[in-house]
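Proteins get letters first, then strands, A, B, ... in listed order; numbering begins at 1 in each.
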Amino acid sequence: MHSVVCIKQVPDSAQIRVHPVTNTIMRQGVPAIINPYDLFALEEALRLKDKFGGTVTVVTMGPPMAEAALRKCLSYGADDAILVSDRAFAGSDTLATSYALATTIQKIMGNMPVDLIFTGKQTIDGDTAQVGPGIAKRLDYQLLTYVSKIVDLDLEKKEITVERRAEGGVQLLKTATPCLITMLEGTNEMRFGDLDDLFRAARYDLKVWNREAAGIDDAEMIGLKGSPTVVSKVFAPRPRSQRAEMVETVDNDPKNLAVTLLAKVFTQHPKLEKEIAKRAG
Amino acid sequence: MAEKFDVIVVGAGMAGNAAAYTLAKGGLKVLQIERGETPGSKNVQGAILYSDAIEKIIPDFRDDAPLERHLIEQRVWVLDDSSYVGTHYRSEDFNKPPYNRYTIIRAHFDQWFNKKAREAGALTICETTVTELLLDGKKVVGVMTDRKGGEIYADAVILADGVNSRLATKAGFHPEIKPKDVALAVKEIHFLPQETIEARFNIGEEEGVVIEMAGTISDGMMGTAFLYTNKESITLGIGCMLSDFKKQKTTPYELLDKMKQHPSIAPLIEGGEMKEYAAHLIPEGGYNAVPQVYGDGWLIAGDAGMFVNGIHREGSNLAMTTGMLAAQTLVELKQAGKAFTAPNLAQYKAKLDDSFVMKDLKKYRRMPDIFHKNKQFFTTYPELISKAAQKLIRVDGVDKKTKEKEIKQSFVASRSVFGLIGDAFRFWRAME
Amino acid sequence: MSEQAKKPAKKKVELDPRFVNYKHVWVVIESERGEVHPVSWELLGEGRKLADALGVQLCGVVICGPGERGKGICGEAFTYGADKCYLVQDDVLKDYRNEPYTKALTDVVNAFQPEILMLGASTLGRDLAGSVATTLGTGLVADCTELVIETETRNLASTRPTFGGSLLCTIMTQRHRPQMATVRPRVMAMPEADASRTGEIVEVPFSMIESTIVTKVLEFIADDTRDKPNLPFADIIVSGGRGLKKPENFQLVWDLAKVLGAEVGASRPVVQAGWAELDRQVGQSGKTVRPKLYIAAGISGAIQHRVGMDGADVIIAINSDPNAPIFDFAHYGIVGNAMTILPALTEAFKAHLAQARKAG
Ligand SMILES: Cc1cc2nc3c(=O)[nH]c(=O)nc-3n(C[C@H](O)[C@H](O)[C@H](O)COP(=O)(O)OP(=O)(O)OC[C@H]3O[C@@H](n4cnc5c(N)ncnc54)[C@H](O)[C@@H]3O)c2cc1C
Ligand SMILES: Cc1cc2nc3c(=O)[nH]c(=O)nc-3n(C[C@H](O)[C@H](O)[C@H](O)COP(=O)(O)OP(=O)(O)OC[C@H]3O[C@@H](n4cnc5c(N)ncnc54)[C@H](O)[C@@H]3O)c2cc1C
Ligand SMILES: Nc1ncnc2c1ncn2[C@@H]1O[C@H](COP(=O)(O)O)[C@@H](O)[C@H]1O
């Protein structure tokens, strides 16, 4: 069987800083990582490969430096890696991105049929969770989002059964392959590859496709032109006008601090006092 | 793992990358193993790069190495609790290419350096820890890693695994390092907009400043502190001998915290966003602490071999140079068709002795001992010097001659005339 | 959202002529098995403001199975501010499935042409919105926290956090209609229901045959909600973070919560360490909460945590570090050791409540 996993290299958003004046992201010193949600997708694809054999291809659309992310995927055990990279993609929103990726995957399918496409739940830079559904729609594939478990896969009958996280419960869904799965976080744990995988990853001759190589003929569909959304303003979250009112006592004894705090809060928010009395009473 | 290499390099720091690059260029089949997620990810960030050492390895490094700022000004400060006395040396000569010193961010620089090694033909694997050396009798024949299928064989192993090389100790090549021979340094990076840094330090784009500091900020322990300007951040840190930390029961973090509140330092980092905190050991035992650095099938380079000049805060250049020399030794032997036996590898030691590395270390060989035994250099003097400066500068109707007399008296009162002469002599001996 | 496109869009962009007749503000009323997700009412509250700003109608879209109380839901939607509801009911729409729901919603949009279409950023809303936007080829802005109408262009300006909340950006869909947005639950205020309000129900026929639908729902396993925390709707929350150091110390959070009749929340590291369940995580990858009182103990106030809780009316922070970022946005702060302050607070509240009871 053949799975394609879409991954994205992102700046580690826990370490992002914002320039106080220009409101731009200061990337210096911020490590680039594989979008953590995508690792759950990759591991799931690798597990299916363990079970059924076959091939796992990872794909990313991004700048040349995203190669490092792909190599890391290879070191985990992915078989093939494709970097789709072209200046023409700059400015792509999720609609344009899903178009580019869907077209790339079609091209991949031309060489080897694809049974499953995996994406992460969402990215930690864009946080949109839209690219996965977008790819599915463009390929006219069934879409299974927030999948927490692959219950069954029948390659002969081309059927898959999964558990999907829904509002208020879990749906047990059965559908036909090929389809697209966005994997929920925390559903598995990325493996520690062995030495052979590491060596292969380090030496692997990655494929780098530009727009034409990826089979994207219509440049109007990608980049700024292919993106209906336009970012009109970027700014830092506004700080509250005042910092917290600090509660202190002469001795800073916990008990006195607590009593002083209560007195302060309840004088300034009498409603809150009633609220608490009501539920505690 | 069936594949065998000519050389395995443990570590992708300064020494390891220099070695891997040189070996690969020399046509040897090299495997480099790094335990961090990427080369440099485990290395304490923000440092000074001395051009000379890297130039000898990659002459055109300036074309694409990630360099932060070239240094045009060096400040040396002696601090007491409320002030500093210092010298600032700034010269337009430092502003003429090729520049002599740069600030770098290690995580970026190490990745670049490693990329060069890979482009030259070395194979690097990361997130893999070498757990042990494989021995055949006394000869090193490979390494054991923590990955599945973990053994890898090679004709020689270069240990460039940094300070406190456990591998060499485990193999019995040298004893554990002693707390008196290592400093514990802590470092933070404070991010600030580029313009703010340039305004605060009175520098232009790409120009940088270093401040070296000593005095009461080390709380009486043997140690120094530093501050560097990077492009969009300031690195500051302080290091003291591990043995002193143990005695004094102070944590390095407390020291750094105090240092950040110093009235002369606080305004320089104000408003910065602290993003990194890291602690790291620096081998500062000097000449006398350098262990046996080669044997059958193995060589040690960089911090692992204690090659650090603590006085001048030079480490990365010694690491690069020793890594390069170790590699050159192997390349030459290979080309001559000679085996990597201990007698043959003795050439590495000869190369070291002939280089600035051992010459410099020898020059300062007494320094660590003298400072260990004479803590007044870190306690009494900073305060005296600072008070003296203030006395001289403050205009208060007292004539200068009286002031000078008072200053002299204050020194004598604190250290006695013999003490002062002795200190001067010790200091001279240490530097000589 | 594209990163490269952050330069302000200055040029005035004309609406594609295909869309000039697109009018009115729509909200998809999300229901599963007759239960309406509260985010839909929150969206109607917000949609009302947008519709009024544009001088157009606010409409709900209800998609459900025939047996379900579709008309009842429409009626409720009117009380929350809708003027009109489009109701699509069909057997194939009983359970949520992407394919028929996408078709249903796309059809109604194409037939009745709204200028703004909003959905909750629930698992259903995000799944559906992504597919519908791609089918329509229009822009979709995820996880918005603020929606306003730009007066001169009448365009929707959607503001959302990005890079984990470190930055906010405002995004416009200038040339396409509808302008789509999803909004996280509990970000917008819940409107007051006005029982006297009514509106028009437009029933939209839908024809899709079950046998043509590829995905089948074999089973729905409802969450066991008996002991599940419901943080988004809690009025009082006591939360603990990594500053509590040990799992045993997390009990101090529970102790205080018990006295206050509060829910217990947690920061991500605490959840990852297994001291608290996933449902208790507050923040960007957890729940958004809007309590009347939020007490944070040993939580640094990282942006990813902040975005989930800074809508609370009163925030009290306990942290040993006077420079902890949480003090930048909390209302009251105590610098101190949570392990001693929490028990002291528990006792103080207990004493205060006992006294209040005696007095009242
Ligand atoms: C706070 C501080 C400030 C400094 N400032 C300067 C300065 O300004 N200028 C200067 O020239 N020097 C400075 N130094 C010294 C300099 O950083 C070191 O001398 C230099 O990094 C040594 O290089 P190295 O390659 O020997 O070791 P490292 O750079 O430490 O590299 C060792 C590498 O080996 C890896 N490794 C270790 N064990 C294993 C294992 N078992 N398996 C696999 N990989 C392993 C590590 O992850 C690491 O990447 C400073 C040091 C400190 C701590
Ligand atoms: C993609 C992504 C999504 C994320 N989503 C979330 C999310 O949804 N929710 C979330 O919470 N985080 C999230 N995070 C993590 C977030 O960035 C922070 O790491 C996290 O919120 C920190 O949790 P903390 O405040 O408990 O721990 P820390 O940051 O470690 O802070 C502990 C605090 O406790 C204080 N302290 C220490 N000792 C004591 C004491 N004795 N008494 C009192 N105070 C003490 C310290 O001063 C410190 O401020 C996310 C991160 C990423 C990258
Ligand atoms: N540039 C990209 N290249 C490859 N995959 C991507 C890219 N952007 C997003 N994805 C995939 O789509 C998922 C959802 O992304 P997003 O819509 O940005 O939150 C991610 O988890 C990835 O699996």
Side-chain angles (χ1 to χ4, degrees), chain A residues 9-36 39 42 46 50 63-78 189-206 236-237 239 243, chain B residues 1-3 5 30-34 36-41 45-46 66 68 104-109 111 114-115 117-118 121-129 143-152 189-197 230-235 271-276:
Chain A
Q9 189 184 48
V10 295
D12 184 351
S13 73
Q15 299 194 37
I16 283 270
R17 297 168 315 279
V18 178
H19 191 294
V21 183
T22 58
N23 276 329
T24 46
I25 289 281
M26 292 165 74
R27 284 165 181 277
Q28 212 206 3
V30 179
I33 55 173
I34 300 176
N35 177 36
L39 293 178
L42 177 58
L46 291 172
D50 290 345
M65 70 181 268
E67 177 195 326
L70 288 178
R71 279 202 198 279
K72 178 140 269 179
C73 294
L74 290 167
S75 83
Y76 291 130
E189 211 169 312
M190 181 45 80
R191 63 196 56 203
F192 195 59
D194 58 24
L195 273 181
D196 290 324
D197 288 323
L198 276 176
F199 276 53
R200 197 174 48 82
R203 289 170 168 153
Y204 196 77
D205 199 7
L206 292 182
R243 258 179 73 89
Chain B
M1 165 95 351
E3 197 170 337
F5 293 83
V30 197
L31 172 67
Q32 192 181 14
I33 305 176
E34 165 59 46
E37 178 153 358
T38 53
S41 65
Q45 290 209 339
E68 296 284 307
I104 52 167
I105 301 244
R106 280 292 298 273
H108 298 184
F109 187 84
Q111 281 195 42
N114 176 255
K115 194 166 146 238
R118 281 185 285 128
L123 184 70
T124 306
I125 56 173
C126 292
E127 283 183 284
T128 306
T129 304
V143 299
M144 172 65 100
T145 68
D146 63 346
R147 291 263 178 180
K148 259 180 277 166
E151 294 171 7
I152 314 170
I189 287 203
H190 291 251
F191 282 87
L192 281 163
Q194 188 175 337
E195 316 79 75
T196 310
I197 293 176
N230 306 314
K231 208 165 271 158
E232 288 186 341
S233 60
I234 289 174
T235 303
E273 200 178 331
M274 203 271 273
K275 271 295 171 189
E276 269 201 43

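- Of the atoms belonging to B/Ser41, not a single heavy atom falls under 4.5 Å from chain A.
- When each of A/Ala68, A/Ser75, A/Gly193 is scored by its heavy-atom pairs under 4.5 Å with chain B, the top score falls to A/Gly193.
- Comparing B/Thr38, B/Thr128, B/Ile125 by how many heavy-atom pairs each has under 4.5 Å with chain A, the most go to B/Ile125.
- Taking the side chain to side chain contact (heavy atoms under 4.5 Å, CB included) definition, one finds that A/Leu42 meets it with A/Val5, A/Leu46, A/Val56, A/Val58, A/Cys73, A/Tyr76, A/Ala78, A/Met190, sequence neighbours left out.
- For the atom pair CD1 of B/Ile33 and CG of A/Leu195, the computed distance is 7.5 Å after rounding to the nearest 0.5 Å.
- The side chain to side chain contact (heavy atoms under 4.5 Å, CB included) search around A/Phe192 returns B/Asp146, B/Arg147, not counting sequence neighbours.
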Query - Candidate pair A/Glu67 and B/Arg118, rule salt bridge (Lys or Arg N to Asp or Glu O under 4.0 Å), full reasoning - result: CA-CA 14 Å; A/Glu67 177 195 326; B/Arg118 281 185 285 128; 5.6 Å; no
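- Among all heavy-atom pairs drawn from A/Ala202 and B/Leu123, the shortest one is CB-CD1, 3.4 Å.
- Contact detail for B/Lys148 and A/Asp194: the closest heavy-atom pair is CB-CB, 3.4 Å.
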